[in-house]
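Quick note on labels: first sequence line is chain A, next is B, and so on, each numbered from 1. Given the structure is predicted, the values throughout are model-derived calculations rather than measurements.
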Protein chains: 2
Amino acid sequence: MSGPDESFLTNCLFFTANRLSRTITKLAEDAFAPTGLTPMYGYLIRLVVGTPGISQKELAEKLAVTPSTLTRFVDKLELKKLVERKVQGKTVLVYPTAKGEGMVETIKAASRDLRNRYEEVLGKEFADEISRQLVFSSGQLEKQ
Amino acid sequence: MSGPDESFLTNCLFFTANRLSRTITKLAEDAFAPTGLTPMYGYLIRLVVGTPGISQKELAEKLAVTPSTLTRFVDKLELKKLVERKVQGKTVLVYPTAKGEGMVETIKAASRDLRNRYEEVLGKEFADEISRQLVFSSGQLEKQ
DNA sequence: AGATAATCATTGTATGTACAAACAAAATAT
DNA sequence: ATATTTTGTTTGTACATACAATGATTATCT
């Protein structure tokens, strides 16, 4: 009657976190489609517009990606003329272009849309709660 | 004094889920290093050993990846002689090899090691709780 | 039975992301 | 002042994963 035990999947934080990551990424890409960007690029632009001249190092930290990944993100946004680099010694400062600034409202609208979509399914309380717990968990696990 | 508002990151389930996914994936790959496999491949083998002759379709569902991804996973494990395919009409059944069966204990040990690592940081209760919530969330979000 | 639709798997291609190595600039030590 | 170390960035390469298109088999309808 009862098949083999497969609880090792749903009990494993690696598996469950990655599963949710794939699911919500699809939802997020959908919500961000009107911007012509994927969500991470949208958030990068928001950071740059919020702090013009922010360094790549800071951007990588805030977005929790490696410096090499961040280099590639900025490459792409520079190609699209949404941000500009200014080399300052060994660091690179990133500024928004006018075009980039002009996108911020569209990006914010997509963020709201995304949030509405998942809050509708999960409930606002629960969605907030789980986000907080995810932040806490990665924070704890990242300290070595 | 207080810089620009960046709460849009920590409040966004897309961002927080992906951040945890990256963090725990690194931990998991580390714990699985002794197996010579990444965790997803390890779990695939456990499923195949638990249900010899399971179809690729079922494997994709249980692992929550697309069929094309699963094809690539099985390709790799077949190359390593850990599983075998048997074509059965339009479906493909997957069987463990002796070598694959022989790995299962090593894989289980790596799973335990992974769990110990994150439970040590997060606490057993909390880790269980958040896994359950992640399963619930992706389940809800996947129903369209 | 033959035509059409549905299902399962595969392949081509693309993207996000990481690691390790290389490079360039700055800081520190001698 | 030069040599060494540290820090920030970039590049080459690799992998997990997805989507869209294609192929192959089975099921359904007439």
Side-chain angles (χ1 to χ4, degrees), chain A residues 14-15 17-30 32-33 35-44 53-80 83-94 138 142, chain B residues 14-15 17-30 32-33 35-44 53-80 83-94 138 142:
Chain A
F14 160 78
F15 180 74
N18 274 284
R19 180 176 165 199
L20 180 61
S21 158
R22 291 194 289 275
T23 307
I24 189 107
T25 295
K26 201 151 67 174
L27 197 69
E29 285 174 351
D30 212 55
F32 272 70
T35 68
L37 299 169
T38 51
M40 280 295 267
Y41 291 94
Y43 289 157
L44 203 168
I54 187 172
S55 73
Q56 289 195 176
K57 181 173 176 11
E58 284 173 289
L59 284 170
E61 272 159 16
K62 287 191 200 293
L63 292 175
V65 297
T66 60
S68 71
T69 297
L70 196 95
T71 291
R72 302 236 149 87
F73 284 178
V74 175
D75 285 350
K76 236 175 229 184
L77 290 180
E78 213 178 18
L79 259 186
K80 296 193 182 200
V83 305
E84 281 173 356
R85 284 180 160 112
K86 282 211 177 86
V87 178
Q88 177 110 137
K90 72 182 165 188
T91 83
V92 175
L93 308 181
V94 186
S138 27
E142 277 158 20
Chain B
F14 160 79
F15 179 76
N18 275 284
R19 180 176 165 199
L20 179 61
S21 157
R22 290 193 291 275
T23 307
I24 190 109
T25 294
K26 202 152 66 175
L27 196 69
E29 285 174 351
D30 212 54
F32 272 70
T35 69
L37 300 168
T38 51
M40 279 296 265
Y41 291 93
Y43 289 158
L44 203 168
I54 187 173
S55 74
Q56 288 195 180
K57 182 173 175 11
E58 284 173 288
L59 284 170
E61 272 160 14
K62 288 192 201 291
L63 292 175
V65 300
T66 60
S68 72
T69 298
L70 196 96
T71 290
R72 301 231 150 90
F73 285 178
V74 175
D75 285 351
K76 235 175 231 183
L77 290 179
E78 214 178 17
L79 258 186
K80 297 193 181 198
V83 305
E84 281 174 355
R85 283 180 162 111
K86 282 211 177 84
V87 178
Q88 177 110 136
K90 73 183 167 188
T91 84
V92 175
L93 308 182
V94 186
S138 27
E142 277 159 20

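If you take CZ of B:F32 and C1' of D:dA16, they are 16 Å apart, rounded to a whole angstrom. In this structure, CD1 of A:I24 is placed 17 Å from C1' of D:dA18, rounded to the nearest angstrom. Regarding A:Q88, its CD atom lies at a distance of 13 Å from the C1' atom of D:dG8, rounded to whole Å. Rounding to whole angstrom units, CZ of residue A:R22 and C1' of D:dA16 are separated by 9 Å. B:L70 places its CG atom 13 Å from the C1' atom of D:dA18, with the value rounded to the nearest Å. The CZ atom of A:F14 sits 10 Å away from the P atom of D:dA16 (whole-angstrom rounding). The CG atom of B:L77 sits 13 Å away from the C1' atom of D:dA16 (whole-angstrom rounding).
Not counting sequence neighbours, A:E84 has no partner by the salt bridge (Lys or Arg N to Asp or Glu O under 4.0 Å) test. Qualifying salt bridge (Lys or Arg N to Asp or Glu O under 4.0 Å) partners for B:K76, counting only residues two or more places apart in sequence or in other chains: none. Remark: B:F14 pairs with no residue by the ring pair (Phe, Tyr, Trp, His ring centres under 6.0 Å) rule, at least two apart or across chains. Every ring pair (Phe, Tyr, Trp, His ring centres under 6.0 Å) that B:F73 has, sequence neighbours left out, goes to B:Y41. Scanning for salt bridge (Lys or Arg N to Asp or Glu O under 4.0 Å) contacts around B:R72 gives an empty result, with sequence neighbours left out. Under the rule for a ring pair (Phe, Tyr, Trp, His ring centres under 6.0 Å), the partners of A:F32 that lie at least two apart in sequence or sit in another chain are A:Y43. Residues satisfying the salt bridge (Lys or Arg N to Asp or Glu O under 4.0 Å) criterion with B:E58, sequence neighbours excluded, are absent altogether.
The shortest side-chain heavy-atom distance between B:L77 and B:R85 does not fall under the 4.5 Å cut-off. Put simply, the side chain of A:K57 does not reach to within 4.5 Å of the side chain of A:P67, judged on heavy atoms. With contacts defined as side-chain heavy-atom distances shorter than 4.5 Å, the pair A:M40/A:V65 qualifies. Using a 4.5 Å cut-off on side-chain heavy atoms (C-beta onward), A:T71 and A:D75 make contact. In this structure, the side chains of A:E29 and A:T25 come closer than 4.5 Å at one or more pairs of heavy atoms.
Across residues 53-65 of chain A, A:V65 each have a non-hydrogen atom less than 4.0 Å from an atom of DNA chain C (numbered order).
Within 4.0 Å (heavy atoms only), B:T91 reaches sugar-phosphate atoms of the nucleic acid but no base atom. Looking at heavy-atom distances under 4.0 Å, A:T38 makes contact with sugar-phosphate atoms alone, never a base.
Among pairs with a residue in residues 53-72 of chain A, none fulfils ring-ring contact (aromatic ring centres under 6.0 Å, His included), at least two apart in sequence or across chains.
For DNA chain C, the outermost nucleotides in 5' to 3' order that have an atom under 4.0 Å from a heavy atom of chain B are C:dT7 to C:dC19.
Mapped onto DNA chain C by nearest heavy atom, A:Y41 and A:G89 fall at different nucleotides, with A:Y41 at the one closer to the 5' end.
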Could you run down the sub-3.5 Å N/O contacts of the protein with nucleotides 4-6 of chain D?
none

Protein-nucleic acid N or O pairs under 3.5 Å, nucleotides 19-23 of chain D:
| residue | atom | partner | partner atom | Å |
| --- | --- | --- | --- | --- |
| D:dC19 | N4 | B:S68 | OG | 2.8 |

Next item on the list: Show the numbers, then the answer: is there a side-chain contact (heavy atoms from CB on, under 4.5 Å) between B:L44 and B:L70?
Entry: CA-CA 9 Å; B:L44 203 168; B:L70 196 96; 4.3 Å; yes
